[in-house]
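To keep things clear, I will list the structure first and then write my remarks on it.
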Amino acid sequence: MTDGGHEVADMAEAGTDPALSYEQARDELIDVVRRLEAGGVTLEESLALWERGEELAKVCAGWLAGARARLDQALRAEEAAEAAAGDTEREE
């Protein structure tokens with residue numbers, strides 16, 4: 001990412017790369033926030049950075065929701081296995 005206004009705008013218009021990992025999106029989001037907080041950019045650049053930040057936040061939220069779903073599924077499977085093991089022990 002560079003400070004040039006056109007490159008920031010192009011980045012926002014291009015949309016979020018679906019192949020971004022959580023870590024890549026998070027790191028880029030941190031950079032966007034730092035640049036916004038530092039100031040010194042034009043209104044147009046600020047808007048482009050804000051839009052990119054929103055896209056990156058959605059990517060991160062999607063990864064976190066997916067991770068939560070996987071954890072919930074693993075916990076349900078573990079609980080089901082424990083319940084089945086308990087039923088087997090009672091039958092014996």
Side-chain angles (χ1 to χ4, degrees):
M1 186 179 326
T2 65
D3 290 334
H6 295 293
E7 291 179 44
V8 172
D10 292 345
M11 181 176 48
E13 289 174 6
T16 302
D17 181 354
L20 280 178
S21 71
Y22 170 79
E23 291 79 9
Q24 290 169 323
R26 181 202 58 212
D27 291 346
E28 187 177 342
L29 180 57
I30 290 169
D31 185 52
V32 166
V33 170
R34 282 187 190 140
R35 291 181 62 201
L36 284 169
E37 288 176 342
V41 294
T42 67
L43 176 60
E44 188 62 35
E45 290 170 330
S46 294
L47 289 172
L49 284 167
W50 180 269
E51 290 169 347
R52 180 62 176 166
E54 289 290 327
E55 292 172 358
L56 292 165
K58 288 178 185 175
V59 170
C60 289
W63 276 107
L64 292 173
R68 176 43 119 181
R70 289 175 60 193
L71 288 172
D72 289 344
Q73 182 180 16
L75 289 172
R76 283 192 302 272
E78 183 178 337
E79 289 170 357
E82 288 174 359
D87 290 343
T88 303
E89 289 176 5
R90 283 186 231 139
E91 290 177 4
E92 291 178 358

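Because the structure is a prediction, the values reported are computed rather than measured.
Counting only heavy atoms from C-beta outward, the side chains of R35 and E45 never approach each other to under 4.5 Å. Between L49 and V33, every side-chain heavy-atom pair lies at or beyond the 4.5 Å cut-off.
Closest approach of S46 to V41, counting heavy atoms only: OG-CG2, 3.1 Å. Taking all atoms of both residues into account, the shortest heavy-atom contact from A25 to V59 is CB-CG1, 3.7 Å. Smallest separation of non-hydrogen atoms from W63 and S21: NE1-C, 3.7 Å. Of all non-hydrogen atoms in Q24 and A19, the two that sit nearest each other are OE1-O, 3.9 Å.
Applying the salt bridge (Lys or Arg N to Asp or Glu O under 4.0 Å) test to residues at least two apart or on different chains, the pairs with a partner in residues 57-71 are R68-D72.
Applying the 6.0 Å contact sphere to CD of E23 captures more than 12 heavy atoms from other residues, nucleotides or ligands.
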>> Please evaluate residues L56 and L20 with respect to the criterion side-chain contact (heavy atoms from CB on, under 4.5 Å), reporting the C-alpha separation (whole Å), side-chain torsions for both, the decisive distance (0.1 Å), and the verdict.
In response: CA-CA 9 Å; L56 292 165; L20 280 178; 3.8 Å; yes
>> I'd like to know whether E55 forms a salt bridge (Lys or Arg N to Asp or Glu O under 4.0 Å) with R52, so could you lay out the CA-CA distance, the side-chain angles of the two residues, the decisive distance to 0.1 Å, and finally the verdict.
In response: CA-CA 5 Å; E55 292 172 358; R52 180 62 176 166; 3.4 Å; yes
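Every residue meeting the side-chain contact (heavy atoms from CB on, under 4.5 Å) condition with E54, not counting sequence neighbours, appears here in chain and number order: W50.
Going from atom CZ of R76 over to atom CD of E79 covers 9.0 Å, rounded to the nearest 0.5 Å.
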